[in-house]
Amino acid sequence: MIQIHNSLTGRKQPLVPIEPGHVRMYSCGVTVYDYFHVGNARMLVVFDMVSRWLRHGGLRVTYVRNITDVDDKIINRARDAGVDWRDHAKKFTAAMHEDLDRLGCLRPEKEPKASEYIDEMLVMIGQLVARGYAYQASNGDVMYDVRKFGPYGRLSGRKLDDLRAGARVEVDEAKRDPLDFVLWKSAKPGEPAWPSAWGEGRPGWHIECSAMSTKELGEHFDIHGGGLDLKFPHHENEIAQTCGASDAKFAEIWMHNGFLNIDNEKMSKSLGNFFTTREVLAKIKHPEVLRFFLLSSHYRGPMNYSVDQLTQSEAALNRLYTALRDVSAVGDEHVYSPTAATQAFQAAMDDDFNTPEAIAVLQGLARDLNTARTIPADGHKARLLAGELRALGGALGLLQLPPEDWFRCGVGAASGLSDAEIEARIAARKAAKQARNFPESDRIRDELAAGGVILEDKPGGVTTWRRS
RNA sequence: GGCUAGGUGGCAGAAUGGUUAUGCAGCGGCCUGCAAAGCCGUCUACGCCGGUUCGAUUCCGACCCUAGCCUCCA
């Protein structure tokens, strides 16, 4: 039984799908106004991991992750670039898909775009107005009246009065309460606008997720997720909207991933201390390094981004792929008999997706595998362990490359020596070694090392290599 | 000010009321022409102060510190 920490209650609870055997989950994706940053990548990888693990357990999963393609930032960026906002959003949607594919994130069942759900949003706003939860303010905007929604603040554990005591609330004469938020913004010249009962305008940010999740998953579904920064006010507002419009039960479990920090400060676009996923991918050996890094600490905790951390992740993957090297090339790697490792892995993942613990299990498995492969009689055992390691890694979206591909890619792969040149150097070294001309063979090895190629002599005169 | 999450060994990062996390780094050994990789062994912990307990890093309370939210943000 999978236990999940529910942000709504602050406790773990068993996942009992509303519809037996079928989990419906929604996560708030990104706003496509620029390349997404590594902090966004964390959320995207985390919920990809969640959906994978649920499927791994035999559940049918309908995963919906939205794309916000109508928003102030997009409109502003498009205007600055002198292009239509739709084209701007399309460009960065395509870029997002490229980067996500490289990170090994599977496509969700559905990726609704806000601009395609305007009608649904207007229906929901209409329901909110009709039921007295929303009003049209003097400036034409349609506002949500938070005082009317009793449970407001439940998710974030706040009371309206506490929030007001914060004092830094904006002054907006049009609002009945400073925390009232916009459902529908009245049109301004030059901005995208749609006709509505409240005049031409465009949606506020929060309403899109209520409309899209309801349309695609229904009013009552299993998991709703996103970054911790969306807990308040975005998710709080979503609850107010969806539940206000129809007495919906909405999401059973709310999941929030922690921040990716840099220098122990939150990485965010407004602070300017961020790296785009694209930049990071260009600097590392393989996108799997970033995926591994993002899964190497528990999803709810904070984690710190640093080059050193990425290097450690790369080293960890080197170790795992080294264990798989050569062994996995033999036999059917999908056939294996689960050992205690599979059980431990499953227990870790079932306990609120404890990926660091699960990764530790993989590392223990790698040790057993390394031991088995040094014993000739254990060849079969080694193959089974390799199969198990790959299968478990696959549950996290890791370790799916042929090991040789992993070792041959690297920062020097494009600019340095070609594979053929390396092989030629190795042959020359082998000749020198056979002539017991060790100074020469060592010179060749050092030369290759300087070019980022590390040699490893194996029994039987075989030399393998890898790029550092 | 209100609310939330944390403080674990050189670094990263889990579990756990008494017993090895795991990886990297260090040290010793095996293997190797020497390396690399691997294997074996090994050293560095549990913010501070009280309490509960036969026993607490683990439970309870106070305190200190850090980060985050309270304004767009994964």
Side-chain angles (χ1 to χ4, degrees), chain A residues 7 10 27-31 36-47 65 68 71-73 153 156-159 161-170 178-179 181 205 225-234 236 256-261 264-271 274 292-293 296-298 300-304 306 308-309 311-320 322-323 325 344 347-348 351 354-364 366-367 369-375 433 436-439 441-442 445-446 449 454-459 463-466 468:
Chain A
S7 299
S27 79
C28 295
V30 299
T31 301
F36 65 87
H37 64 61
V38 208
N40 296 304
R42 184 177 187 194
M43 170 263 149
L44 295 160
V45 167
V46 161
F47 288 100
R65 182 182 64 211
T68 299
D71 159 275
D72 288 350
K73 293 195 193 85
S156 50
R158 295 154 205 270
K159 296 188 175 80
D161 295 316
D162 291 343
L163 286 163
R164 293 186 109 186
R168 275 163 51 213
V169 285
E170 69 188 272
L179 287 162
F181 57 92
W205 175 42
L228 190 57
D229 47 357
L230 298 188
K231 197 172 180 184
F232 187 90
H234 183 60
E236 198 71 71
H256 292 98
N257 65 278
F259 294 124
L260 183 66
N261 297 325
N264 293 314
E265 262 194 334
K266 177 183 165 185
M267 181 182 290
S268 80
K269 292 190 177 176
S270 50
L271 290 174
F274 66 91
F292 185 96
F293 165 67
S296 66
S297 71
H298 188 85
R300 277 193 283 122
M303 68 189 300
N304 212 31
S306 73
D308 183 56
Q309 295 268 66
T311 305
Q312 282 205 24
S313 293
E314 185 186 320
L317 281 169
N318 268 334
R319 180 173 158 78
L320 294 172
T322 298
R325 206 173 193 182
D351 184 13
N354 193 336
T355 53
E357 180 90 22
I359 287 172
V361 172
L362 298 184
Q363 287 164 330
R367 181 187 302 273
L369 171 52
N370 283 329
T371 300
R373 47 188 295 182
T374 59
I375 304 167
K433 275 180 66 174
R436 300 196 70 77
N437 182 357
F438 295 120
S441 68
D442 289 352
R445 185 172 61 198
D446 292 345
I454 296 162
L455 302 187
E456 291 171 13
D457 292 340
K458 294 286 163 68
T463 298
T464 59
W465 61 275
R466 61 190 166 93
S468 58

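In this structure, of B:A74, B:A21, B:C70, it is B:C70 that holds the atom nearest to the side chain of A:Arg158. Side-chain proximity of A:Arg436 to the nucleotides B:G33, B:G68, B:U22 is greatest for B:G33. Closest approach to the A:Arg445 side chain among B:A74, B:A21, B:G33 is made by B:G33 (side chain taken as heavy atoms from C-beta onward).
Spacing between atom NE2 of A:His256 and atom P of B:C70 amounts to 13 Å, rounded to whole angstrom units. Rounded to an integer number of Å, the gap from CG of A:Leu228 to P of B:A67 is 16 Å. Put simply, CE on A:Met267 is 13 Å from P on B:G68, counting in whole angstrom units. Rounded to whole Å, atom C1' of B:G68 lies 9 Å from atom CG of A:Asp229. Computed from coordinates, the A:Glu314 CD to B:A25 P distance equals 12 Å when rounded to whole Å. What separates CG of A:Leu179 from P of B:U71 is a distance of 7 Å, to the nearest Å. Taking atom CG of A:Asn261 as the reference point, atom P of B:A67 lies 10 Å away to the nearest angstrom. Atom P of nucleotide B:C72 and atom CG of A:Asp72 are separated by 11 Å, given to the nearest angstrom.
Base engagement by A:Ser441 is indicated by at least one non-hydrogen atom pair under 4.0 Å involving a base atom. Across all strands, A:Phe232 comes closer than 4.0 Å only to sugar-phosphate atoms, never to a base (heavy-atom distances). Here A:Leu44 lies out of heavy-atom contact (under 4.0 Å) with every strand. Nucleic acid contact for A:Gly258: base, since at least one base atom lies under 4.0 Å from a heavy atom of the residue. Residue contacts shown for A:Gly39 include a base, since a base heavy atom lies under 4.0 Å away.
One C1' atom belongs to B:C27, the other to B:G9, and the distance between them is 15 Å to the nearest Å. The same atom, C1', is picked in B:C60 and in B:U20; the two are 29 Å apart, to the nearest Å. For the C1' atoms, the distance linking B:U57 with B:C46 amounts to 4 Å, nearest Å. Atom name P, nucleotides B:C59 and B:U66: the rounded distance is 23 Å, in whole Å. With both ends at atom P, the span from B:C63 to B:G1 equals 12 Å, rounded to whole Å. B:G51 and B:C11 have their P atoms separated by 31 Å, with the value rounded to a whole Å. Taking atom C1' in both B:A62 and B:G50, the straight-line distance is 8 Å, to the nearest Å. Between B:A45 and B:C40, the distance separating the two C1' atoms is 24 Å to the nearest Å.
In terms of phosphate contacts, A:Lys231 brings no side-chain nitrogen or oxygen within less than 4.0 Å of OP1 or OP2 of B:A5.
Interatomic distance, CG of A:Leu320 versus CD1 of A:Ile359, reported as 8.5 Å (0.5 Å rounding).
Counting all heavy atoms, side chain and backbone alike, A:Ala344 lies closest to A:Val361 at CB-CG2, 3.9 Å.
For A:Ser313, there are no side-chain hydrogen bond (donor to acceptor under 3.5 Å, both in side chains) partners, not counting sequence neighbours. By the side-chain hydrogen bond (donor to acceptor under 3.5 Å, both in side chains) test, A:Asp457 pairs with A:Arg429, A:Lys433, A:Thr463, sequence neighbours left out. Qualifying ring-ring contact (aromatic ring centres under 6.0 Å, His included) partners for A:Phe181, counting only residues two or more places apart in sequence or in other chains: A:Tyr144, A:His206. With sequence neighbours left out, A:Pro356 forms a side chain to side chain contact (heavy atoms under 4.5 Å, CB included) with A:His298, A:Asn354. Listed by chain and residue number, A:Ser156 satisfy the side-chain hydrogen bond (donor to acceptor under 3.5 Å, both in side chains) test with A:Arg158 (two or more places apart in sequence, or in another chain). In this structure, A:Arg42 has no salt bridge (Lys or Arg N to Asp or Glu O under 4.0 Å) partners at least two apart in sequence or on a different chain. Under the rule for a side chain to side chain contact (heavy atoms under 4.5 Å, CB included), A:Asp446 has no partner lying at least two apart in sequence or in another chain. A:Asp308 meets the side-chain hydrogen bond (donor to acceptor under 3.5 Å, both in side chains) test with no other residue; sequence neighbours excluded. Take A:Asp229 and apply the side chain to side chain contact (heavy atoms under 4.5 Å, CB included) test, not counting sequence neighbours, and it matches A:Phe259, A:Lys266.
Base-pairing analysis of RNA chain B finds the following stems of at least three consecutive Watson-Crick or G-U pairs, with both pairing distances under 3.5 Å: B:1-7 with B:64-70, B:10-12 with B:22-24, B:26-30 with B:38-42, B:49-51 with B:59-61.
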Practice problem: Let me have a per-nucleotide readout for nucleotides 7-19 of chain B, 5' to 3', with B, S or -, counting only protein heavy atoms under 4.0 Å. | Solution: ----BSSSS----
Quiz prompt | Reading 5' to 3' through nucleotides 36-47 of chain B, protein heavy-atom contacts under 4.0 Å coded B for base, S for sugar-phosphate only, - for none | solution = BSSSS-------
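With A:Arg373 contributing its side chain and A:Arg325 its backbone, the two residues share a donor-acceptor pair below 3.5 Å. Looking only at distances, a side-chain donor or acceptor of A:Gln309 sits under 3.5 Å from a matching main-chain atom of A:Asn304. Side-chain atoms of A:Asp351 do not come within 3.5 Å of backbone N or O of A:Ala347 as any donor-acceptor pair.
Stacking between A:Phe438 and the base of B:G33 is present: ring centres sit under 5.5 Å apart and the planes differ by under 30 degrees.
A donor-acceptor contact under 3.5 Å links the side chain of A:Asp442 to the base of B:G33.
Each of A:Glu265 and A:Ala360 was matched to the nucleotide of RNA chain B holding its nearest heavy atom; the match closer to the 5' end belongs to A:Ala360. Positionally, the nearest nucleotide of RNA chain B for A:Ala316 lies more toward the 5' end than for the other of A:Ala316 and A:Cys28.
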